[in-house]
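Here's the structure we're looking at; comments come further down.
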Amino acid sequence: MTGGTVTPSDPPGVHDLPELPEVEITRRHLERALTGRALAEVAITHPRTARHNSSIEEVETRLRGRRVVEVGRKGKFLLVGLDDGQTMVAHLGMSGRFSVASPEEERPAHTHFVARLDDGTELRFVDPRTFGFVAALDEEEIAGSGVARLGPDAWGERPEAAALAYRLRGRIAPIKALLLDQGPISGLGNIYADEALHRAGIHPQTPGGELSESRLAMLADAIVAVLEQAIEKGGTTLDDLAYLLPDGRAGENLERLRVYGREELPCLACGTPIERVVIRARSSFFCPTCQTR
DNA sequence: AACGATCCCTGTTGGC
DNA sequence: TGCCAACAGGGATCGT
């Protein structure tokens with residue numbers, strides 16, 4: 001039921017929407033597989049995958065022959081440092097997935113990027129919906145990209161209440177929208193934003209700038225807790241058709257979700273039916289009793 | 001500057 | 001049984 005219609009009795013379902021935990025799991029996998037390796041040959045087969053450079057050929061040329069120095073992450077962006085100072089910037093978008101496989105293994109449908117590595121394996125990027133991308137950017141290009149507008153990483157940098165208060169000061173947009181914005185704090189998507197707000201007892205429509213420092217302290221703690229748990233559980237795979245982890249395993253965080261996709265089901269804390277509202281064209285699930293403005 | 005709307009895209013599904 | 005419109009999502013872009 002990946003991306004299917006959401007009905008009250010039917011959890012949205014469910015695929016693996018890559019948010020910070022899923023990207024961090026991917027980063028760890030790539031760190032092991034790519035560090036020290038050279039991208040011997042690079043082939044991109046879908047123009048949207050290369051849209052952050054001027055052409056497919058430019059990405060291929062700029063990455064070809066480069067050696068991987070480090071694999072980092074900020075928010076939901078993967079930052080693969082290369083030996084000439086460039087960075088291979090990648091985003092999984094809605095449906096992107098990296099894997100490292102033997103060239104003999106059949107390539108899955110929607111494989112839009114392949115890099116042959118100098119150890120004989122192949123780095124692949126599969127992305128049916130093409131919301132993801134792979135780019136070759138230098139320092140200056142990164143400074144002008146979306147990466148530069150990211151707020152502190154929600155897990156790696158863990159902004160505390162005072163930092164959140166500063167970043168949300170005067171903002172009247174709903175806190176849910178601000179958490180999705182990636183500017184005040186980066187890495188949260190629709191699932192973990194809802195989960196963190198529920199854990200913190202904050203209504204998603206509360207204007208961000210109106211949250212007291214004590215409530216922001218609860219939010220900061222809740223964000224780290226939901227992300228930590230999701231990373232430990234291998235991320236959230238929402239249905240067994242969609243694959244999630246780079247090694248092919250499904251994540252096991254789904255059972256831990258307390259509000260996302262649970263419209264009309266009883267709140268696990270108080271029994272009140274979970275409600276759904278649309279904020280910034282995204283579903284927000286919340287408990288009207290536990291979460292207040 | 002901040003905010004909201006719109007667009008991109010495809011697999012899945014509800015409704016007919 | 002089969003067809004098709006609706007829907008989900010992150011981020012870039014644009015209008016107000």
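In what follows, every chain begins at residue 1, and chains take the letters A, B, ... in the order their sequences are listed. Heavy atoms only: backbone and side chains are in, while hydrogens, waters and symmetry mates are out. Just so we're clear, the structure is a prediction, and the values are computed from it rather than from any experiment.
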Distance test, side-chain N/O of A:Q182 to OP1/OP2 of C:dG10, below 4.0 Å: no
Whether A:H52 and A:F133 hold their rings parallel, tilted or perpendicular, with breakpoints at 30° and 60°: tilted
Atom-to-atom span, CG of A:L78 to P of C:dG11 - whole angstrom: 12 Å
Atom-pair distance (CZ on A:R51; C1' on C:dT13), nearest Å: 13 Å
Interatomic distance, A:K176 NZ vs C:dG10 C1' [rounded to whole Å]: 12 Å
Partner set under ring-ring contact (aromatic ring centres under 6.0 Å, His included) for A:H91, not counting sequence neighbours: A:F77
Sugar-phosphate, base or nothing in reach of A:I172, heavy atoms under 4.0 Å: sugar-phosphate
Between C1' of C:dT13 and CZ of A:F133, the distance in whole Å: 15 Å
Phosphate OP1/OP2 of C:dG9 contacted by A:Y260 side-chain N/O (<4.0 Å): yes
Side-chain N,O (A:H91) to OP1/OP2 (C:dG11) below 4.0 Å: yes
With the criterion being N/O to N/O and under 3.5 Å, what pairs connect the protein with nucleotides 5-9 of chain B, and how long is each?
unit_1, atom_1, unit_2, atom_2, d
B:dC8, O3', A:R48, NH1, 3.3

Whole-Å gap separating P (C:dG11) and CD1 (A:I185): 14 Å
Listing, residues 162-171 of chain A side-chain donor-acceptor contacts under 3.5 Å, not counting sequence neighbours, or none:
unit_1, atom_1, unit_2, atom_2, d
A:R167, NH1, A:G183, O, 3.4

Donor-acceptor under 3.5 Å (A:T206 side chain, A:H203 main chain): yes
Minimum-distance nucleotide (side-chain atoms of A:A173 versus C:dG10, C:dG9, B:dC3): B:dC3
Length of the CG-P vector between A:D181 and B:dC3, whole Å: 8 Å
A:Y260 and A:F285 aromatic ring geometry - parallel, tilted or perpendicular at 30°/60° bounds: perpendicular
Flag for A:D138-A:Q86: side-chain donor and acceptor within less than 3.5 Å: no
Under 3.5 Å: donor-acceptor pair, side chain of A:R282, backbone of A:V278: no
A:L17 CG - C:dG10 C1' separation (whole Å): 10 Å
Atom-pair distance (OH on A:Y192; C1' on C:dG10), nearest Å: 15 Å
